[in-house]
Amino acid sequence: MDQVPVTVLTGYLGAGKTTLLNRILTEEHGKRYAVVVNEFGEIGIDNDLVVETDEEVFEMNNGCICCTVRGDLIRILTGLMRRKGKFDAILIETTGLADPAPVAQTFFVDEDVRAKAKLDAVVTVVDARNIEARLADSKEAREQIAFADVILLNKTDLASAEELDRIEGEIREINATAEIHRTKDSVVDLSKILDRGAFDLDRILTFEPEFLKNGHVHSHNDDIASISLTAIDPLDENKFNRWIGNVLQTKGQDILRSKGILSFAGQDDQFVFQGVHMLMDGDYRRPWAPDDPRISRIVFIGRNLDVPALKAGFEACRA
Amino acid sequence: MPEFGSFQDEVYADRLSPSRVDCFPQEAGILGFVMGAGRRLFLSLDDGRLAHGTLDDPAEFVAVEAHDGVSLALCAGPKGGVVSGGDDGRAMLLSDAGEITELMAPGKEWVGAVAASPASGLIALGTGKTLRLFDTAGKALGSAPPAATTIMGLAFNPKGKRIAVAAYGGATLWFAGGLTGTAKLLPWKGSHISVVWSPDGRFVVTGTQDKELHGWRVEDEVDMRMSGYAAKVKSFSWSADGRWLACSGSPIVTAWDFIGKGPMGRPPHQFGGGEEFLTTHVAAHPALPVVAAAFEDGRIEMGRFGIEGQVLLKEAGGGMPSGLAWTPAGDRLVMTTEDGELFVIDLDDLKIAAEGAKKRR
């Protein structure tokens, strides 16, 4: 069965989430959306199917210490799926104070959600006027940046070009792989934020060279940073699985997100994987193109990343 | 003759002639159903309507408008009929005669859990975090203070005087006459998504998000943990004598033995299945110690509590099962699917066996 794509919109109150949501809903795209919101704000939502929810963060009782899920989303997504064929995609708007990890983990942990829905992208909207203050004082704001696949740097009319460059640099320090779009009134080509799935993973292979230095880490104040590791030689699948399993098991609390595209020895297909904290999911996707360099690349976004150890471990996975 | 494996018993084996499977397609997908008195059947359709009819005329069901959306929870009514809670916030009581009563008007909170008691005539609804009670006629009797998290499951005790509520952190037990007082919490960490009360009233059992069952002996609150499931357990059925609790959630049908102090320290009875497909629904026979189980591939098998072996009642095929139940006489087994099929399995010979069993008692 086809899985319904789910787009998660995060960002602080007033950043422009609801404006973006209404933009998605009112544009002529012929798609029907189900919308899940945390609370009805002052701006109405222009859609037939809107479900209001309370954030219910549940600890799983499965021995995984940092494994929390959003119980309300499990309930609502499985409930919505009973309305067979009534919508094509789902948009979830979270509050500015929501921790994105349980939202993402819900899509890894719950078998009913996994069977019928897939997390397409986390889109984070930031307000150019006050994001620097939020990054300084709010763990949630930094984590929303860290979890993002796409970031809208919004209200660009209220900041100077220098300020925007500086903000973009700060965002990049936290999340080197997310695509950043500068917007005013949340105006963005919707193809940049919807139906991303495969494309956002491809970005791992292509993100900007200055963030691509092997083992390079941006870090300040011991906070969230991104690292990227590459290997030109094919990897041994078993060695890699053992290594990544061990890394996530022992460092998963600090690793917010992990993702990679890998070339395994003896395989013609790309292996792609995504992880959230201790959970990960991987699959063979499509053949490497004949003229593609078969470079394996892996990205970690998290705190206290031990770059030399990660680099040594990754390199030891060579076939 | 169907193949019996080691399912050896003169009453069942010798008298069971080949089962006949009929299929009656309905006009919409079926999300679940409730078996009423006689051969009456209530279907929850995926367009939000409820349909009612009888197995004597399974091509002629009458559908009535119920939800602007779909039904999320369904149970047999307190005195016949069916209770349905919807994602439109509306709760409906449809009687045997086809009369519809609105228990809750549409609202923003989903009605995610319903239960009713033939003994007390009460109806319980879980609307978001709030437990609400209604009488047989559908009159609101009151509500409990909102729970900390959303109510996921409800079950009355056999007398219909107490209600078990499944939510995050365990089960709470309310007295129907004391919703303004306090509830007894049976704590267990994790999210509890369904609940049943044993027919003798001694045990409360929940299904959890962590793919386990958790049970409590009500008298002394002793915990019972029943694990090993491949998926969340969503379907339960107690044997006619109240001894066994059969469950879905794994590729093999499992049934826990609640005789004496409960199932701890005893492996469950298991039968049937393969490796690939999970059980979706279980239904114990109303008189005989047998249980039918539906699988994801549309197969139905029947086993006998405590005795090895199984018999195939329906080959794989059709849509994803959405409900399974026996007629009260135990002569027909009904399975519905998400694709709108109503399968009826003719087991007249079991009825004869059931009558024999009653006579011997």
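Letters A, B, ... are given to chains in the order of the sequence lines, protein chains preceding strands, and every chain is numbered from 1. Hydrogens, waters and symmetry mates play no part in the numbers below; they use all other heavy atoms, side chains included. Keep in mind that this is a model prediction, so the values were computed, not measured.
Residue A/Asp281 places its CG atom among more than 12 non-hydrogen atoms of other residues, nucleotides or ligands, all under 6.0 Å distant. Summarising the local packing, CD of B/Glu27 is surrounded by 12 or fewer heavy atoms from other residues, nucleotides or ligands at distances under 6.0 Å. Counting non-hydrogen atoms of neighbouring residues, nucleotides and ligands closer than 6.0 angstrom, the CG atom of B/Asp68 reaches no more than 12 such neighbours.
Most heavy-atom pairs under 4.5 Å with chain A, from the set B/Gly128, B/Gly169, B/Ser71: that is B/Ser71. Comparing A/Glu56, A/Arg82, A/Lys86 by how many heavy-atom pairs each has under 4.5 Å with chain B, the most go to A/Arg82.
Evaluated for a side chain to side chain contact (heavy atoms under 4.5 Å, CB included) with A/Arg83, the options B/Asp46, B/Leu31, B/Asp87 yield exactly one hit, B/Asp87.
Ion pairing between B/Asp339 and A/Lys84 holds under the 4.0 Å rule for side-chain N and carboxylate O.
Interatomic distance, A/Asp112 CG to B/Ile193 CD1, rounded to the nearest 0.5 Å: 7.5 Å. For the atom pair A/Asp110 CG and B/Lys211 NZ, the distance stands at 8.5 Å (nearest 0.5 Å).
Contacts of A/Ile74 with chain B are made by side-chain atoms alone, with heavy-atom separations under 4.5 Å and no backbone atom involved. The contact between A/Asp54 and chain B is made entirely by side chain atoms (from C-beta outward), counting heavy-atom distances below 4.5 Å.
Of all the heavy atoms in A/Phe58 and B/Thr149, the pair that sits closest is CE2-CG2, 3.9 Å. Scanning both residues, A/Leu80 and B/Trp110, for their nearest heavy atoms gives N-CH2, 4.1 Å.
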- Between A/Met81 and B/Val70, does a side-chain contact (heavy atoms from CB on, under 4.5 Å) hold up when you go through it step by step? CA-CA 10 Å; A/Met81 293 308 171; B/Val70 290; over 6 Å; no
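A donor-acceptor pair is defined here as one N or O able to donate and one able to accept, closer than 3.5 Å; no such pair exists between the side chain of B/Tyr168 and the backbone of A/Gly71.
The shortest side-chain heavy-atom distance between A/Glu111 and B/Lys232 falls under the 4.5 Å cut-off.
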